[in-house]
2 protein chains.
Amino acid sequence: MTTSRSGPKLAKIAETIGVSTATVSNALSGKGRVSDELAARIRRKADELGYVASSAGRALRTGRSGVIGLVLPDIANPLFPQIAQAIEHAATQAGYGVLIGDSRGEIGMQTEAIGRLVERGVDGMVVVPRRGTRVIDIDCPVAVIDTPSTPGNTVSADHFGGGELVARHLAALGHRRVLLVGANRESNVQNDRLAGMRSVSELRTETLWLDERWYEAGQGGTLSLAEKMREGFTAIATVSDMQALRALTELQRNGWRIPEDVSVTGFDDLPWTSIITPSLTSVRMDMARIAGIAIEVLCAAILDPAKIDQTDRKTLRAPIQTVAMTLVERNSTAPPPIRDETAFKGELA
Amino acid sequence: MTTSRSGPKLAKIAETIGVSTATVSNALSGKGRVSDELAARIRRKADELGYVASSAGRALRTGRSGVIGLVLPDIANPLFPQIAQAIEHAATQAGYGVLIGDSRGEIGMQTEAIGRLVERGVDGMVVVPRRGTRVIDIDCPVAVIDTPSTPGNTVSADHFGGGELVARHLAALGHRRVLLVGANRESNVQNDRLAGMRSVSELRTETLWLDERWYEAGQGGTLSLAEKMREGFTAIATVSDMQALRALTELQRNGWRIPEDVSVTGFDDLPWTSIITPSLTSVRMDMARIAGIAIEVLCAAILDPAKIDQTDRKTLRAPIQTVAMTLVERNSTAPPPIRDETAFKGELA
DNA sequence: CTGAAAGCGCTTACAG
DNA sequence: CTGAAAGCGCTTACAG
């Protein structure tokens with residue numbers, strides 16, 4: 001028996017078995033208005049004939065499509081696979097399909113992508129904004145996954161807490177001077193992570209933004225991170241595994257040993273963190289949990305439109321939920337090197 | 001004017017303007033059965049009222065949902081973002097939405113994922129199989145993106161040619177002894193890439209599979225790749241950027257300089273290839289082109305079911321298309337080190 | 001417990 | 001060029 005898109009219809013089942021379509025519908029939906037024996041007989045026959053309900057017919061009648069949209073302004077986000085998988089799984093559990101919406105990295109196209117999803121009749125959507133983009137005027141329930149400090153946020157990882165975790169870990173190992181590395185000054189996520197790191201008082205930190213401005217200042221080139229390190233830092237804590245990978249390979253290439261000479265940490269626990277040498281200490285978010293909450297809140301809003309806050313741009317009127325992050329300790333961190341800090345400072349000249 | 005899912009219906013527009021719904025429908029679909037002035041007036045009013053056609057109504061009437069499925073057995077595949085983005089873009093251009101289907105890496109769940117998409121009424125699907133899984137009994141048009149050597153394939157990158165490209169590049173630099181690194185013996189993609197590499201006669205190659213068997217043989221551990229290199233190889237050509245990253249960091253960690261001591265190449269041109277030090281020479285596939293072809297063939301089959309080959313499991317009856325790959329030369333490759341090969345062999349003891 | 005009927009919103013022959 | 005009517009396949013009050 002093959003699943004089939006143009007197979008028998010409800011009426012066919014009803015006719016074959018000699019009952020009304022209403023009864024078949026009730027039997028199949030299990031609403032219990034049909035005697036057990038008959039219901040069983042109908043189900044058997046439906047299976048036998050390979051019946052698959054028409055989603056169009058159902059959607060037209062019920063007014064709900066059973067599909068939600070997943071919007072990521074930047075699908076190239078390295079976390080995308082994890083997010084997509086978690087959302088797809090949670091949505092499937094809740095009986096929803098997931099339509100993807102991409103704006104190819106261009107902020108202007110986000111509205112179009114969202115519009116396309118609305119046209120396709122999604123019942124709601126999950127939006128993971130990037131770079132402070134805001135969700136505007138969407139006339140359907142929207143769950144936002146960003147940071148606790150983002151207005152309109154629905155659920156997010158505790159990025160601040162994650163930063164704290166990393167900083168505490170380094171402090172516990174004995175590090176005192178830590179170089180913080182960010183990539184995008186506008187990112188709420190990155191700023192929250194950095195704020196968390198800075199909140200650990202044992203550490204003296206300094207922040208380096210490896211962004212366009214840094215390049216423009218002519219500080220790019222192979223050696224500059226290594227040079228910066230000579231100022232006496234014993235560890236680099238980055239806001240993403242990508243930045244950590246960058247720092248790790250650049251330092252290795254310049255003869256630094258990790259973690260003996262310098263500890264390096266990342267964020268997000270991307271798939272390659274454990275295959276590199278040394279494997280990367282990182283912080284993971286519980287995507288399954290976050291996705292589960294987003295879908296749960298979204299479904300509640302879909303079923304009960306009163307949950308949509310009319311005054312506040314249709315965002316969900318649910319308490320913002322924050323999910324703790326977890327430190328994944330690996331080989332890229334170790335106690336600080338035994339060395340005279342002033343000696344290193346001297347090398348600067 | 002906000003896009004709206006529960007806004008005015010066709011009948012509302014018709015009533016407001018004083019024409020029949022048929023005329024509104026014709027005007028909006030631009031089939032040209034309506035006078036230009038009236039059509040323009042209708043369009044203006046529809047815009048003004050924020051009319052969005054009900055996809056359910058249309059789907060039920062036309063028998064087509066305007067949605068296709070994208071199935072990746074392993075959504076954690078690092079290429080997923082690229083594939084998803086390219087497919088989403090091509091599908092959007094063709095007027096289709098994209099529903100994602102994931103089987104969470106478990107082969108057994110692939111059929112379920114496909115079944116769910118069929119239930120949701122997709123008009124067709126794009127499947128990127130992994131590890132020799134086959135597409136079975138799907139009663140809708142399917143375009144398969146795999147390798148030219150996979151039965152039922154629709155379109156794919158020329159993985160063999162990509163392997164050749166890498167090998168020729170290394171040969172042209174002067175390399176003669178190259179270690180080939182694979183990760184999964186079952187993968188058609190990897191085997192095609194390796195076959196292409198081996199086809200370049202100037203090179204003496206040997207293949208190392210860094211898979212479960214290798215680990216079981218007790219050859220894991222930090223130094224073994226480095227040890228293997230002492231047999232006289234001057235370059236490592238891997239079947240994926242992940243393996244290249246692994247080799248690169250492991251060798252760097254053990255004091256090898258890349259590319260001075262050994263050249264390393266990857267495959268797929270993942271986002272981080274250019275941020276690591278040294279940046280990684282890789283091979284990229286033209287995803288946009290591949291996705292474009294897949295969608296084109298799929299749409300043709302959707303519109304003309306005769307294109308579906310009944311005898312051959314519903315796969316598309318279109319000529320298999322192969323898209324050339326491109327070498328992206330970066331800093332991880334250089335002429336072979338000047339050294340006495342026998343001397344290195346001696347070091348083994 | 002079961003059935004007859006209405007209707008979700010569209011598009012498409014068919015008339016005029 | 002425009003309209004009246006049918007019908008896509010379902011579900012849901014409403015009767016019985």
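Computed over heavy atoms, backbone and side chain alike; hydrogens, waters and symmetry mates excluded. Here is the naming used below: chain letters follow the sequence lines, and residue numbers restart at 1 for every chain.
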Can you name the residues that form a side chain to side chain contact (heavy atoms under 4.5 Å, CB included) with [X], not counting sequence neighbours?
X	result
A:Ile17	A:Val19, A:Arg41, A:Ile42, A:Lys45
B:Arg64	B:Thr62, B:Tyr96, B:Asp123, B:Ile302, B:Leu303
B:Gln82	B:Leu79, B:Leu270, B:Met287

- Any ion pair linking B:Glu119 and A:Arg58 (charged N to carboxylate O, less than 4.0 Å)? no
Rounding to a whole Å, what distance do you find between [X]:[atom1] and [N]:[atom2]?
X	N	atom1	atom2	value
A:Asn26	D:dT11	CG	P	9 Å
B:Arg64	C:dT11	CZ	P	11 Å
B:Glu15	D:dT2	CD	P	19 Å
B:Ile42	D:dC1	CD1	P	13 Å

- Task: List for me each residue that meets side-chain hydrogen bond (donor to acceptor under 3.5 Å, both in side chains) alongside A:Ser35, sequence neighbours excluded, and say none if there are none.
- Result: none
Can you check nucleotides 5-9 of chain D for protein contacts, nitrogen or oxygen pairs under 3.5 Å, and list what you find?
{"from": "D:dC8", "atom 1": "O2", "to": "B:Arg61", "atom 2": "N", "distance (Å)": "3.3"}
{"from": "D:dG9", "atom 1": "N2", "to": "A:Gly57", "atom 2": "O", "distance (Å)": "3.0"}

- Task: Looking at every strand, decide which applies to B:Ser25 at a 4.0 Å heavy-atom threshold: base, sugar-phosphate, or nothing.
- Result: base
- Query: Taking only N and O in the side chain of A:Thr23, is any of them less than 4.0 Å away from OP1 or OP2 of C:dG3?
  - Reply: yes
- Message: Does D:dT2 have its OP1 or OP2 closer than 4.0 Å to a side-chain nitrogen or oxygen of B:Ser35?
- Response: yes
- Query: Checking B:Ser65 side chain against B:Gly121 main chain: does a donor-acceptor pair fall under 3.5 Å?
  - Reply: yes
- Verify, without hydrogens or angle tests, whether B:Asn153 (side chain) and B:Asp146 (backbone) share a donor-acceptor contact under 3.5 angstrom. yes
- Query: Reading DNA chain D 5' to 3', what string of ( ), [ ], | and . shows its pairs, if Watson-Crick and G-U wobble pairs count only when both distances fall under 3.5 Å?
  - Reply: |||.||||||||.|||
- Message: Side chains of A:His89 and A:Gln93: any donor to acceptor distance under 3.5 Å?
- Response: yes
